[in-house]
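Working notes, beginning with the structure itself.
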Amino acid sequence: MLIAKGWVANHNLACIPFDYRYPPGETDFAEDLKKLIISQFALSQGRKVTIACHSQGCLLAYQFLRTQDPVWVARHIGLFYSLAGQFSGCSDCLRWAFQQEWSWDSHDKVASPSDMTWVGELALGLQSSIFGEAILYRWGQTSYRARDAQTLLREAGALAIAEATNRYALEKQTWFQKGARDHQPLPVPTRVVFGTGLLTTAGFDFAREKVPVSSCKDPQCQGLYSQKNPELIQTTGDQGDSAWMNRAPRMWLKHPDCEMKEFAGISHMEIFKNATVLNHLSKTIQETASGIDVCLQNSAPASRGSSMQ
């Protein structure tokens, strides 16, 4: 669809993969992205690059933008465009620890394709400032909110994930706190787009079928893993719970009412191939490539265009 709009694959349109098992800053992703930006910048004779990302990829791209020299970022990047980015953590992702399809047993034929800690998604932590007092999980008579996620993991015996959460939680990352705590805007125009209006599974309501065992170090011995059909806790959002995931940028965007855009009825996995959204992406690229950020009502020196990652 982007090629149909004029971009040329492997010329001014390039992709960069990442290993979703690992959190931001723990792989070569940032180094690889910088190399790609430099090569695209040279190939296009100095046209600024657009970084377009989706879901967890946006968090990795955001970490990159926060840890690079702001002067270098402003010189090489013309736009950061987030499609349903995972900026506040993902309540929906925590459920993967308690599904029949997942296992901590490496000899199990349905074992997780990731490492046992699943740090890429589960260990990022949930921003309690965003999720507030919403109940995301219940286990018997006990309710768990965003701030209780690690408690739930520990009580359920998912100790490896709990330890990873303690290490990699977003609220403990200096680069993340530049926006969430210090309210520092990025040095490049930003758009945060996401879908809303669809029901999503925010968590599960588990029956407490077994007596708690203090020595339990495996979710199977506490009964969560063995429960086949727990009740769903649903909320208005989309399949990736974008209504929560995308609120964190309001802390650092200069004009969030303009820089954030909601698309009703578009799910987490549909947003990056939706024609209306891609038209918005294309239009925004054209504007910023001309030196205009309509949300800031400020014109910059005219540029000759933009290549896109």
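The model shown is predicted, which means the values in this text are computed figures rather than measured ones.
Within the 4.5 Å cutoff, no side-chain heavy atoms of Glu155 are placed close to those of Gln222. Between Thr151 and Arg154, the closest side-chain pair of non-hydrogen atoms is not below 4.5 Å.
Surrounding CG of Asn10 are at most 12 heavy atoms belonging to other residues, nucleotides or ligands under 6.0 Å away. At most 12 non-hydrogen atoms from other residues, nucleotides or ligands lie less than 6.0 angstrom from NZ of Lys283.
The distance from the CZ atom of Phe272 to the CG atom of Leu83 is 9.0 Å, given to the nearest 0.5 Å. A distance of 4.5 Å separates CD1 in Ile51 from CG in Leu65, rounded to the nearest 0.5 Å. Rounded to the nearest 0.5 angstrom, Leu278 CG and Met1 CE are separated by 5.0 Å. Here the NE2 atom belonging to His280 is positioned 11.0 Å from the CD1 atom belonging to Ile285, to the nearest 0.5 angstrom. Once rounded to the nearest 0.5 Å, the distance linking SG of Cys90 with NE2 of His268 reads 7.0 Å.
When all heavy atoms of Trp175 and Pro24 are compared, the closest pair comes out as CZ2-CB, 3.8 Å. Closest of all the heavy-atom pairs between Arg66 and Gly179 is NH2-CA, 3.5 Å.
Between Glu133 and Arg147 there is a salt bridge, since at least one side-chain N of the basic residue sits less than 4.0 Å from a carboxylate O of the acidic one. The pair Asp28-Lys34 fails the salt-bridge criterion, with no side-chain N (NZ, NE, NH1 or NH2) lying under 4.0 Å from an Asp/Glu carboxylate O.
The cluster map of Ile, Leu, Val, Met, Phe, Trp and Tyr, joined by side-chain heavy atoms under 4.5 Å apart, puts Phe64 and Phe87 in the same cluster.
The aromatic rings of Tyr62 and Phe80 sit parallel to each other, their planes meeting at less than 30°, with 60° as the upper class boundary.
Taking the ring axis of Phe263 as reference, the NZ or CZ atom of Lys261 stays within 45° of it and closer than 6.0 Å to the ring centre.
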